[in-house]
Amino acid sequence: MSDVDFIGAHLVPTPKQLLRLQRVAAGTEPADLAIRDGTVLALHGRELLRRDVLICGPHIAAVTPPGRLAAADEIDATGCWVSPGFIDTHLHIEYTLLTPGELARLVVPRGTTTVLADPNCLANVLGPEGMDIAGTTGTPLRIFRQVSHKVPRTPELELGGRAVSEAEILARLSDPLAVTLGESNPFDLEESAARKSHRALAAGRRITGHTARIADEPLWAYAAAGIFDDHNAFDPDEVIERLRLGIGITVMSGSMNDNVRPLFADPGRVAGGFDQFTFCADDRHVGDLAGEGHIDHHVRTAIDCGVEPIEAYRMATLNAARSYRLDHLIGSITPTRLADLMLLENLTDVRPRLVLVGGEVAGRDNTATFGNDDALPASCRGTIRLHPDIGPESFRVNVNDAVFEPSPEGGDAGGAADGHSEAARVPPAASPWQPPTGAGTEGARDPVAVVRAMEMYDGYFKRAFEAELAIVGGSVAADPAADVAKIAVVDRHHASHTLAMGFVRGFGLRAGAIGITSNCENQNLVVLGTSDGELAHATRSLEAIGGGYVVVAGGEVLASLPLPYGGCMSDRPWEEVHRGLEEVTAAARSLGCEVASPFMILSFVGLAGVPDYGLTEKGLIDTFTQTFLPVVVCCRCPVHVVL
């Protein structure tokens, strides 16, 4: 006998429950509840059937023609469609900014009854305890766990926060709540990664993928590690490429990337792989969840793109359950499955009238019928620890000998370094370079430095380029007029003076600074600003609120959103968090930052698993070689020029 319990072993009917289900189905005993005379989505056969659904305790006993079996209680579903509850197949709960219980209050009434969640944010802050906190709730939302692959993700390239041992990760893959090994760095070819993949495969757990839109040999190598799915595929060509490798498509709609319309722009091209499609939010904050929706948004959008409704609902339910070996528990309205289902008056509008979880009403007309009594431990608070000497001087980018007099042509802010952008599937061309603002007067320009920088595109993807920036007082300065801001990743776990600088284009920030304490993945502090003083002010403002989001300018805090749980989750009801997010976003917009979800994107600028560059508190990283690069390029001489 294996010592590995199958996924969801604790949720299957007991022998006593099975016997009762059989008696009800045989008509010798009444059910607890009957959903009467609705049109059931019979997804295995792609049928729409007028049926009664008989429920005993948390499970479905039978699905029969109307009126055949008795029940103690009834819900009239006449004129309604009856669908299984939706399943999100890859989510980081922490990036919703909510605790698991508040997330449940928000999404369960919208039809989401199950999420597969990777807790790598809290794992980086609190270690194994954080993994448990992010995966636990007393509310009706079912949370299955994607065991974080590596914490910290790149220990040789970052100081990080807490660590989770390989032994701990391997042991967690045998937990009945564990459905996958969490997403990994596609450029990680270490033996430790292979041991984790082997354990996941041997335990019957899937391996969550994160291809970062790589292609050819890098993609083939990643697939050879046993990767099961990918949530980065952006267009039909990428979908087809992955399907041919046996990689399923987890269609992502997050707050930085919404891939639903691009993937279904021509449904006929990818229809042959529809059985391998599921839906996920990945990183979707409370504002988008409350505004656009959760998995209901995927279904609604897919149908609007021309996907047949029955196929869209399969992707959100049965496909998801089958893909992650949960179909014995959820994903269909069939006997012995959990009674997680919803009633909808319109199949294409996807707005549930009623949601049941385990046979109990959990949502009615977009409102939760339950409260959130989850209490998070005190260890979640007080996690922002900064070195007392961090100030404006900490954010200087000193140049020394890496200075040159600007060439008549100026630098090329559109040129990719080392061909990285080609490997990342060629992002949109960068705009022409403009000379640094205020760089001297006619005939007497100030010296400038050439720096490696990142341009944001398609959400959190980064295009490498080089910029010529003015040197002020021996330090490279930001150039707000050219949309080149300074960025810093600061250790906030160990109170060390470890921090690293970079330059970013794409935020549009004209003044001030914005900051977060939720850097992906190690949850360090990140500030983006137009001057060293503004960066320092944002840093200390984040410390003052115990972590979260801030917007500062001219010595004032324009807005803040405290996230005291681990520096990444609020302790307030989701409605208040939604309003707070709107306020800080509006404040950032007032400084010129028009990009959608600026704080979320700021969290991912440094991610070393997404091309072209990453940035940790230790330095700038070439994501393809996983090695450090100097931010300042030495010169423009023929020997050192980067084409």
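Keep in mind that this is a model prediction, so the values were computed, not measured.
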If the plane angle is over 60° it's perpendicular, under 30° parallel, otherwise tilted; pick one for Phe279 and Phe264.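 Because their plane-to-plane angle is over 60°, the rings of Phe279 and Phe264 count as perpendicular.
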Classify the angle between the aromatic ring planes of Tyr324 and Phe228 as parallel (below 30°), tilted (30 to 60°) or perpendicular (above 60°).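 It falls in the perpendicular class, over 60°.
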Rounded to the nearest 0.5 Å, what's the gap from OG1 on Thr208 to CG on Leu181? Could you check?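 If we round to the nearest 0.5 Å, Thr208:OG1 and Leu181:CG are 7.0 Å apart.
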Write down the atom of Val610, the atom of Ala212, and the distance for their closest heavy-atom approach.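 That would be CA-CB, 4.3 Å.
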Taking [Y]'s backbone N and O only, do any of them form a donor-acceptor pair with [X]'s side chain (distance below 3.5 Å, no angle check)?
{"X": "Asp230", "Y": "Ala233", "result": "yes"}
{"X": "Thr96", "Y": "Ile93", "result": "yes"}
{"X": "Asp235", "Y": "Leu263", "result": "no"}
{"X": "Ser253", "Y": "His298", "result": "no"}

Using the test salt bridge (Lys or Arg N to Asp or Glu O under 4.0 Å), find all partners of Arg142 that sit at least two apart in sequence or belong to another chain.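 So Arg142 forms a salt bridge (Lys or Arg N to Asp or Glu O under 4.0 Å) with Asp340.
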Under 3.5 Å, is there a donor-acceptor pair between the [X] and [Y] side chains?
{"X": "Asn372", "Y": "Glu102", "result": "yes"}
{"X": "Asp365", "Y": "Thr367", "result": "no"}
{"X": "Asp288", "Y": "Ser255", "result": "yes"}
{"X": "Tyr460", "Y": "Ser603", "result": "no"}

ring-ring contact (aromatic ring centres under 6.0 Å, His included) contacts in which one or both residues fall within residues 336-368, not counting sequence neighbours: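 Not a single pair qualifies under ring-ring contact (aromatic ring centres under 6.0 Å, His included).
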Enumerate the side chain to side chain donor-acceptor pair (under 3.5 Å) contacts for residues 265-278, please, sequence neighbours excluded, ordered by first and then second residue.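 Listed by first then second residue: Arg46-Asp275, Thr89-Thr278, Asp237-Arg269, Asp275-Arg314.
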After noting the C-alpha distance and the side-chain angles of His44 and Arg322, does the key distance pass the side-chain contact (heavy atoms from CB on, under 4.5 Å) rule? CA-CA 11 Å; His44 290 83; Arg322 282 179 162 176; 3.2 Å; yes
